[in-house]
*Asks:* 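Right, I'll just put the structure down here and ask away after.
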Amino acid sequence: MLRGGVFLSVAVIVVGSALMFIKGHADSYKLSLLANFSSPSTLNSSLLPFSGMFNGLVTLDGIYYISLGLWILLLTPVSVVALSAAFFLRERNILYFILSLVVLFDVAMAILVVPGLVGK
Amino acid sequence: MAQIKDYEVCHLSLTYIESPDYRGVTALLQFLIEFILIMVSGILGGLVGSLTGLGGGTVVVPLLSLFLGVPIYFAAAAGLFSSIATSAGSASRYTREKIANLKIGIGLQVATTIGVIVGSIIAILVYTNGFDAIIYIIFGAVLLGSLVPVVRRGKTELPEEMEDDNTTRIFQLKGTYFDSKMKKNVSYTGVRWWIGEFIMFFAGLLAGLLGIGGGALNVLAMDATMNLPMKVATTTSNFMVGITAATGASIYWYEGYIQFFVVAATVLGVLIGAFLGAKILTSISNTNIRWIFFSVLSFLGVEMVLRGLNYSGTLVLNSTFTLGVSLTVAIVLIVLLYYYTKSLGVKERKS
């Protein structure tokens, strides 16, 4: 499960990086700007809209593949906690079922709520 | 979005890519080389991280920020993703062997995930107010501090038996695992769950602040406070690091600290390095090789502190001098640590 998630994410990141190099650009950014991490106008994660994900994947845009790969990586450990919650529920271990849910709640807070609180 | 500083003191200046009008094969080659340079840092970080047990992020963040001139928040985000990758890669092996304790892991994750949220928010405040120097100094201090458990590791196999307390019963902290070296089943009993939670909060906080997994402090809490065997502590910590880092990484994501080029290259490199590290660990059992890695860590630690002092304007030295100081301090530390462990060894033999 864990290893599968890592393999899948690595494969997608490799594809994305290759596409980025082959095409020389991604999401209207030239490779020179994508690679230049010390430039203020380089592409970072707050500039890449999630709404463009589907279109980006269909048009073989490298940066969206890298982005997808990173999200697979990020959600891999989260899915393990979700599985643990199911496992504890089946074992009728209510205490640990609730604790698993609390952990998932914290992660959901980090993904959905905290960004809004901190603002841009 | 934090303001981006163009630090001129990068050891490897990559300013040739400033010109946006590069075309053709030579330009492509330059970016490819840059990608590979970041990957090499990742490989080194993954290698040292897996050999010392510190995980993927701890070594790669200083390598990226000190030697490749990657802004520290981009480096920290790359560190978080590296921690997820190495944790997931090695944790799958341990959970299959059933050494990691799922209950203890889940229970303590409650504290690390809250800690990492707080830590990431502090990091954002630090960066948006331009206090990046503080991160370098704290990072250096944590690197130097993490040398201590690395040195002491391998001495204690099993903890002394302790009486159960209330939390042992409530949180079901008993477990067994099969130790392949001792060829027997080992039973253990965890205690002081609340103190464990308390320390874990700070482990999470440091993870969010610095972009590391926080494994060193996890192990300390489980080994020293909750009285768990070292193997259970390290494997359970490894399982926990993934979710801690993932929680921090999602906050970093929305803040714009993920630079895709850097993170992609780093993650790929770290996984290669961790894979090589696992291979080396099984084939070489030479303890002397650990000294090389201690020196790497202490050198990076001192270098990070000095770089932080430099950026804050407290102590401005030129980079060659800084390098010299870091090397000297690293060597002195190694000699001290060497004699310290030697004296420990003598004491153990006598008693």
Side-chain angles (χ1 to χ4, degrees), chain A residues 1-6 9-10 13-14 16-17 20-21 24 26 30-40 42-48 63 66-67 69-71 73-78 80-81 84-85 87-88 93 95-96 99-100 102-103 106-107 109-111 114-118 120, chain B residues 1 3-4 6 14 17-20 22 27-28 31-32 34-35 69-71 74 81 84-85 87-89 91-92 95 102-103 106-107 109-110 113-114 116-117 120-121 124 170-172 242-243 246-265 267-268 271:
Chain A
M1 175 73 200
L2 277 165
R3 187 155 283 195
V6 175
S9 104
V10 163
I13 292 173
V14 168
S17 309
M20 179 174 74
F21 276 109
K30 279 185 181 167
L31 186 55
S32 52
L33 204 54
L34 290 171
N36 190 355
F37 45 72
S38 41
S39 156
T42 188
L43 178 63
N44 69 54
S45 49
S46 70
L47 303 171
L48 198 72
I63 218 75
I66 295 178
S67 167
L70 293 177
W71 274 100
L73 191 59
L74 199 152
L75 291 174
T76 300
V78 180
V80 173
V81 177
S84 313
F87 169 78
F88 286 126
N93 191 335
L95 174 69
Y96 273 95
L99 286 177
S100 314
V102 172
V103 174
D106 289 345
V107 179
M109 285 272 289
I111 297 180
V114 175
L117 292 179
V118 183
K120 291 243 51 68
Chain B
M1 179 60 210
Q3 77 239 49
I4 302 203
D6 223 342
L14 295 164
I17 54 169
E18 288 285 358
S19 158
Y22 266 107
L28 187 69
F31 303 131
L32 205 57
E34 197 184 336
F35 195 83
V70 176
F74 285 159
F81 277 101
I84 305 174
S87 142
S92 62
T95 40
L102 186 65
K103 282 178 188 165
I106 294 279
Q109 276 170 357
V110 172
T113 45
I114 296 173
V116 78
I117 291 175
S120 306
I121 293 174
I124 292 168
I170 299 170
F171 294 102
Q172 307 142 32
I243 193 86
T247 310
S250 58
I251 298 178
Y252 273 54
W253 189 287
Y254 290 97
E255 228 9 70
Y257 295 158
I258 281 89
Q259 212 282 359
F260 295 100
F261 191 88
V262 173
V263 176
V267 167
L268 297 179
L271 277 172

*Asks:* Assess the residue pair S250(B) and V107(A) against the criterion (side-chain contact (heavy atoms from CB on, under 4.5 Å)); give the C-alpha distance rounded to whole Å, side-chain angles, the decisive distance to 0.1 Å, and a yes or no.
*Replies:* CA-CA 8 Å; S250(B) 58; V107(A) 179; 5.6 Å; no
*Asks:* Heavy-atom pairs under 4.5 Å with chain A are the metric here; pick the option from L268(B), I243(B), V116(B), I84(B) that has the most.
*Replies:* I243(B)
*Asks:* Give, as side chain, backbone, both or neither, the part of V262(B) having an atom under 4.5 angstrom from any heavy atom of chain A.
*Replies:* side chain
*Asks:* Which bit of V102(A) comes within less than 4.5 Å of chain B, counting heavy atoms only: side chain, backbone, both or neither?
*Replies:* side chain
*Asks:* If I measure from the heavy atoms of chain B, does L75(A) come under 4.5 Å with its side chain, its backbone, both, or neither?
*Replies:* neither
*Asks:* Do Y96(A) and L102(B) come within less than 4.5 Å of each other through their side chains, counting heavy atoms only?
*Replies:* no
*Asks:* For chain B, which of F88(A), W71(A), F87(A) has the most heavy-atom pairs under 4.5 Å?
*Replies:* W71(A)
*Asks:* Within the 4.5 Å heavy-atom criterion, are L31(A) and L28(B) side-chain neighbours or not?
*Replies:* yes
*Asks:* Using non-hydrogen atoms and a 4.5 Å limit, figure out which bit of L70(A) sits close to chain B: side chain, backbone, both or neither.
*Replies:* both
*Asks:* Can you tell which of G5(A), G4(A), S67(A) has the highest number of heavy-atom pairs within less than 4.5 Å of chain B?
*Replies:* S67(A)
*Asks:* Between I106(B) and chain A, with a heavy-atom cut-off of 4.5 Å, which part of the residue counts as in contact: side chain, backbone, both or neither?
*Replies:* both
*Asks:* Report the C-alpha separation of Y254(B) and S45(A) in whole Å, then their side-chain angles, then the decisive distance to 0.1 Å, and conclude whether the side-chain contact (heavy atoms from CB on, under 4.5 Å) test is met.
*Replies:* CA-CA 7 Å; Y254(B) 290 97; S45(A) 49; over 6 Å; no
*Asks:* Could you look at F171(B) and say if it's the side chain, the backbone, both or neither that has a heavy atom under 4.5 Å from chain A?
*Replies:* both
*Asks:* Given a strict heavy-atom distance threshold of 4.5 Å, which part of S9(A) is in contact with chain B: side chain, backbone, both, or neither?
*Replies:* neither
*Asks:* Using a 4.5 angstrom heavy-atom cutoff, name the option from T76(A), V81(A), V80(A) with the most pairs to chain B.
*Replies:* V81(A)
*Asks:* Pick one of side chain, backbone, both or neither for V6(A), based on which atoms fall under 4.5 Å of a heavy atom in chain B.
*Replies:* side chain
*Asks:* Which answer fits I114(B), side chain, backbone, both or neither, if we ask what part of it has an atom under 4.5 Å from a heavy atom of chain A?
*Replies:* both
*Asks:* Take the angle between the ring planes of F21(A) and F35(B) and call it parallel below 30°, perpendicular above 60°, tilted in between.
*Replies:* perpendicular
*Asks:* Counting heavy-atom pairs under 4.5 Å with chain B, which one of V14(A), V10(A), L34(A) comes out on top?
*Replies:* L34(A)
*Asks:* Start with the C-alpha gap between N44(A) and F74(B), add the side-chain angles, then the distance that decides, and say whether side-chain contact (heavy atoms from CB on, under 4.5 Å) holds.
*Replies:* CA-CA 9 Å; N44(A) 69 54; F74(B) 285 159; 4.2 Å; yes
*Asks:* Report yes if the side chains of F261(B) and T42(A) come closer than 4.5 Å at any heavy-atom pair, otherwise no.
*Replies:* no
*Asks:* Minimum heavy-atom separation for S46(A) and E255(B), please, with both atom names.
*Replies:* CB-C, 4.2 Å
